[in-house]
Student: 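To start, I am sharing the structure in question, which I have written as structure tokens.
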Amino acid sequence: MNKFLIAPSIIASDFTHLADEISACESAGADWLHVDVMDGHFVPAITVGPLFLAACKRATKLPTDVHLMISNPDQYLEAFAKAGANNITVHVETCPDLQQTIKKIKSLGCTAGITLNPATPASALDSALPLVDLVLVMSVNPGFSGQTFMPEMISKVEEIRNKLNALRSNAHLEVDGGMSAETLPLMKKAGANVFVAGSAVFGHPQGAGEGIKALRNVVARRER
Ligand code: DX5
Ligand code: ZN
């Protein structure tokens with residue numbers, strides 16, 4: 001089983017204090033920085049692009065985990081790789097030739113992730129599963145931070161964990177959407193090892209650092 005990792009979702013932070021928000025995450029032991037790219041087409045909202053990713057890179061040494069919620073991702077892979085993406089995750093709904101997209105991501109020197117909307121069945125990943133470094137299960141409909149966790153996605157994580165185990169794959173199994181001290185342990189038990197958190201981190205009353213510590217503590221307490 002891969003290490004337990006926390007990936008704060010930077011779009012939920014206060015952009016007027018971007019470098020401080022990132023360094024609070026870093027000092028509190030965040031593992032990756034999750035960057036949510038939305039295009040106003042695949043999802044209704046528009047968030048950030050390569051320029052913003054490059055700014056994050058200048059503020060941190062943390063690996064960047066770029067989640068592309070955009071139509072036609074193939075057209076933009078190079079720009080995100082150049083801007084400093086360490087991992088690029090694409091939605092299966094947006095890739096006509098998923099295997100080709102994964103190859104392209106790897107050829108750019110990034111690790112490759114695939115993800116799927118809550119309504120898309122886990123079987124949509126099957127052909128690509130042996131090729132990927134990461135699988136992301138969305139536990140909300142992609143679009144914005146602060147939505148309610150969908151408990152139906154627990155069994156999807158279990159299903160994908162079983163598939164990865166059957167393949168003897170070391171790919172990370174990441175979850176994104178509505179993670180909190182209550183929901184994170186459920187997804188961990190189901191077999192996830194990477195946890196994206198937006199509001200639980202940046203909406204924490206004592207700031208992002210305490211938000212990360214609270215998520216780490218809930219896991220540490222259960223393991224004692
Ligand atoms: C949703 C994004 C998430 C989001 C998470 O479309 O992919 O990464 O920012 O935010 P919370 O943790 O608040 O659900
Ligand atoms: Zn995300």
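Each ligand, and each atom within it, is numbered from 1 in the order the structure gives.
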Student: Mind checking whether Asp39 and Met69 have side chains closer than 4.5 Å, heavy atoms only?
Tutor: no
Student: Find all protein N or O atoms under 3.5 angstrom from an N or O atom of ligand 1 and list the pairs with distances, or write 'none'.
Tutor:
{"residue": "ligand 1", "atom": "6 (O)", "partner": "Gly143", "partner atom": "N", "Å": "2.8"}
{"residue": "ligand 1", "atom": "7 (O)", "partner": "Asp36", "partner atom": "OD1", "Å": "2.8"}
{"residue": "ligand 1", "atom": "7 (O)", "partner": "His67", "partner atom": "ND1", "Å": "3.3"}
{"residue": "ligand 1", "atom": "7 (O)", "partner": "Asp176", "partner atom": "OD2", "Å": "2.9"}
{"residue": "ligand 1", "atom": "8 (O)", "partner": "Asp36", "partner atom": "OD1", "Å": "3.1"}
{"residue": "ligand 1", "atom": "8 (O)", "partner": "Asp36", "partner atom": "OD2", "Å": "2.8"}
{"residue": "ligand 1", "atom": "8 (O)", "partner": "Asp176", "partner atom": "OD1", "Å": "2.7"}
{"residue": "ligand 1", "atom": "8 (O)", "partner": "Asp176", "partner atom": "OD2", "Å": "3.0"}
{"residue": "ligand 1", "atom": "9 (O)", "partner": "Ser9", "partner atom": "OG", "Å": "2.8"}
{"residue": "ligand 1", "atom": "9 (O)", "partner": "Asp36", "partner atom": "OD2", "Å": "3.3"}
{"residue": "ligand 1", "atom": "9 (O)", "partner": "Ser145", "partner atom": "OG", "Å": "2.8"}
{"residue": "ligand 1", "atom": "10 (O)", "partner": "Ser145", "partner atom": "OG", "Å": "3.4"}
{"residue": "ligand 1", "atom": "12 (O)", "partner": "Gly198", "partner atom": "N", "Å": "2.8"}
{"residue": "ligand 1", "atom": "13 (O)", "partner": "Gly146", "partner atom": "N", "Å": "2.8"}
{"residue": "ligand 1", "atom": "13 (O)", "partner": "Ser199", "partner atom": "N", "Å": "2.9"}
{"residue": "ligand 1", "atom": "13 (O)", "partner": "Ser199", "partner atom": "OG", "Å": "2.3"}
{"residue": "ligand 1", "atom": "14 (O)", "partner": "Gly178", "partner atom": "N", "Å": "2.8"}

Student: Starting at CG of Leu33, measure out to CG of Asn86 and round the result to the nearest 0.5 Å.
Tutor: 10.0 Å
Student: Hey, can you tell me if His67 and His91 have their rings parallel, tilted or perpendicular (30° and 60° cut-offs)?
Tutor: parallel
Student: Does any part of the side chain of Thr89, heavy atoms only, come nearer than 4.5 Å to the side chain of Leu134, both counted from C-beta?
Tutor: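 Side chain of Leu134 against side chain of Thr89, heavy atoms only: contact under 4.5 Å found.
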Student: Which protein N, O or S atoms lie under 2.8 Å from the Zn ion (ligand 2)?
Tutor: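 Protein N/O/S atoms under 2.8 Å of the Zn ion (ligand 2): His34 NE2, Asp36 OD1, His67 ND1, Asp176 OD2.
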Student: Under 4.5 Å between any side-chain heavy atoms of Leu215 and Val219, yes or no?
Tutor: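 Result no, sub-4.5 Å side-chain heavy-atom pair not found.
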Student: For Lys82, give me all partners under salt bridge (Lys or Arg N to Asp or Glu O under 4.0 Å), at least two apart in sequence or on another chain.
Tutor: Glu78
Student: Transitively linked via ILVMFWY side-chain contacts under 4.5 Å: Val194 with Leu68?
Tutor: no
Student: Would Lys163 and Asp126 count as a salt bridge (charged side-chain N to carboxylate O under 4.0 Å, His left out) if you check the C-alpha gap in whole Å, the side-chain angles of each, and the deciding distance to 0.1 Å?
Tutor: CA-CA 8 Å; Lys163 287 175 193 258; Asp126 286 349; 2.7 Å; yes
Student: Could you list the residues that satisfy side-chain contact (heavy atoms from CB on, under 4.5 Å) with Ala24, not counting sequence neighbours?
Tutor: Ala208
